[in-house]
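Here is the structure we will look at, set down as structure tokens.
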Amino acid sequence: MVSRYTLILLLVSLLMGCRPVQAPTSTAPVIATPGATEATATPAAPTAPPDIAALIRNAQYQLGVPDSLQVVQLQDGKFEQGTAGGADYISVMLTDFIAAGDLDGDGSDEIAALISENFGGTGVFVFLAIYRNVNGTATFLTSSVVDDRPQLNALSIENGEVFLDAVIHGFEDPMCCPALRTTRHYRLANDQLDKSDYTTFTPDGRPRTITIESPANGTEIFSTVQIKGSVAIAPFENNLTYSIKDGAGVELSRGAVAVDAPDLGAPGTFDETIAMGSIISGAVVTIEIQDVSAADGSLFAMDSVQLVVK
């Protein structure tokens, strides 16, 4: 006969055998499987560059044709006043040629834009306008005329200067049809545009370039300066012109520069010592070497260098 104690032990053993088995708690690190998503910090979104076209399209613009220094407000890239044919008619249009870049070396971009003006006649005068971005507002600085109804090819800002490629009117071109291709660079000095070089092209496409090889920009000079360089096409009678200008663009003196070339219209070189005259010590001057048409006085080519008089 089984005792009561034996029965109790048997029941306990049966109950323990029916308990579910629990897996031991693992202390091993969890390894992410390929393709698994891990929680990471969300990087800050980069600051979007300003929409320069939008800034200019609703900026103020100072008219370049009249002498009144009249300022107009562009709205969506245009301004219009009066009726066509009326004495007070003005139409200003922003072209698609807009560029941004640092022109004064302060680390912030200026904006260059080509803008047209019409006052009721057939003339549509295009100006290169420069703006400064001041806290998100395009502030007009200055402008320079390009031509009446030019053919615009390219506008950019590189190496601190504005580059413009445009077909303009030559001396004998009808007003409807400009045919003289030009390229030029502008520098910004004292918030004013200064043309630093200029190239025209012959009818068969050859560029008339002048290149000043020395001295370099910013060189300190004394009573004289030796200018060396080259021309792609020798000028009429192998004579170039030099022009010395002060910081405001006022011409101080002018003279001739002889070119050494093996043949008429061939490439050539120049090496000229120019007297500076009585220019105040410390003044910054610009020397331009120019190829001027003997027929009509227009400019074929130009290069320039800025120097400091000691």
Side-chain angles (χ1 to χ4, degrees), residues 53 56-57 61-67 72 74 77-99 112-130 142-158 161-186 193-210 231-236 240-241 264-265 288 290-303:
I56 298 296
R57 290 178 70 83
Y61 171 73
Q62 182 175 295
L63 298 177
V65 171
D67 295 330
V72 299
L74 299 180
K78 58 187 177 182
F79 170 85
E80 192 167 272
Q81 170 186 292
T83 56
D88 62 343
Y89 180 74
I90 301 173
S91 176
V92 179
M93 298 288 291
L94 174 66
T95 72
D96 293 332
F97 291 87
I98 305 171
L114 293 172
I115 299 176
S116 69
E117 301 179 21
N118 173 257
F119 296 86
T122 58
V124 181
F125 303 94
V126 174
F127 286 80
L128 170 62
I130 303 298
T142 187
S143 68
S144 178
V145 66
V146 177
D147 194 27
D148 175 11
R149 288 166 283 174
Q151 175 187 316
L152 305 174
N153 296 325
L155 177 72
S156 62
I157 296 179
E158 296 177 356
E161 293 189 336
V162 180
F163 170 76
L164 174 62
D165 183 329
V167 178
I168 65 172
H169 290 86
F171 182 69
E172 296 181 350
D173 292 341
M175 294 310 297
C176 68
C177 311
L180 180 63
R181 186 191 168 198
T182 68
T183 63
R184 77 284 298 272
H185 286 88
Y186 297 86
L193 281 172
D194 181 21
K195 194 182 298 177
S196 58
D197 64 45
Y198 183 77
T199 297
T200 62
F201 292 76
T202 63
D204 60 357
R206 292 185 299 152
R208 294 180 178 270
T209 57
I210 298 176
V231 294
I233 299 174
F236 178 72
L240 297 172
T241 299
L264 180 67
E288 294 182 357
Q290 306 169 347
D291 181 1
V292 180
S293 169
D296 55 47
S298 62
L299 188 63
F300 281 144
M302 183 271 289
D303 196 16

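Residue numbers run from 1 in the order of the sequence given.
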Tabulate below the donor-acceptor pairs under 3.5 Å that side-chain atoms of residues 82-96 make, not counting sequence neighbours, or state none.
| residue | atom | partner | partner atom | Å |
| --- | --- | --- | --- | --- |
| Tyr89 | OH | Glu80 | OE1 | 3.3 |
| Thr95 | OG1 | Phe97 | N | 3.1 |
| Thr95 | OG1 | Leu114 | O | 2.7 |

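Within the structure, every pair that satisfies the salt bridge (Lys or Arg N to Asp or Glu O under 4.0 Å) test and touches residues 172-186, not counting sequence neighbours, is listed here: Asp165-Arg181.
Annotation: the span from Met302 atom CE to Leu240 atom CG amounts to 12.5 Å, rounded to 0.5 Å. Note that OG of Ser143 is 9.0 Å distant from CD1 of Ile130, once rounded to the nearest 0.5 Å. Taken from CG in Asn118 to CZ in Arg149, the straight-line distance is 9.5 Å, to the nearest 0.5 Å.
Taking every heavy atom of both residues into account, Val292 and Gly297 meet most closely at CG1-O, 3.5 Å. For the residue pair Pro150 and Ile168, the shortest heavy atom distance occurs at CB-CG2, 4.3 Å. When all heavy atoms of Ile157 and Ala99 are compared, the pair lying nearest together is CD1-O, 3.9 Å. Contact record, Pro178 with Gln151: CG-N, 4.3 Å, taken as the closest heavy-atom pair. Taking all atoms of both residues into account, the shortest heavy-atom contact from Pro207 to Thr199 is CB-CG2, 4.0 Å.
Between Val146 and the options Ile115, Leu164, Leu155, a side chain to side chain contact (heavy atoms under 4.5 Å, CB included) holds for only Leu164.
With His185 contributing its side chain and Asp197 its backbone, the two residues share no donor-acceptor pair below 3.5 Å. Judged by distance alone, the side chain of Ser116 and the main-chain N or O of Val126 form no donor-acceptor pair under 3.5 Å. Side-chain atoms of Gln290 never come within 3.5 Å of backbone atoms of Leu299 as a donor-acceptor pair (strictly under, hydrogens ignored). Between the Thr200 side chain and the Phe300 main chain, a donor and an acceptor come within less than 3.5 Å of each other. Distance alone, capped at 3.5 Å, is enough to place a donor-acceptor pair between the His169 side chain and the Asp148 backbone.
Residues Asn153 and Thr183 are not in side-chain contact: their nearest non-hydrogen atoms beyond the backbone lie 4.5 Å or more apart. Side chains of Ile233 and Arg206 form a contact here, defined as non-hydrogen atoms less than 4.5 Å apart. Counting heavy atoms from C-beta outward, Leu180 and Phe171 have side chains that stay 4.5 Å or more apart. With a 4.5 Å cut-off on side-chain heavy atoms, Val231 and Asp291 do not count as touching. Residues Val65 and Phe127 are in side-chain contact: their nearest non-hydrogen atoms beyond the backbone lie under 4.5 Å apart.
Ser156 pairs by the side chain to side chain donor-acceptor pair (under 3.5 Å) definition with nothing, not counting sequence neighbours. A search for side chain to side chain donor-acceptor pair (under 3.5 Å) contacts involving Tyr198 returns nothing, not counting sequence neighbours. For Ser144, the side-chain contact (heavy atoms from CB on, under 4.5 Å) test picks out Tyr186, Leu193, with sequence neighbours left out. Checked against side chain to side chain donor-acceptor pair (under 3.5 Å), Asp194 has the following partners two or more places apart in sequence or in another chain: Arg187.
Within 6.0 Å of the CG atom in Asp67, the count of heavy atoms belonging to other residues, nucleotides or ligands does not exceed 12.
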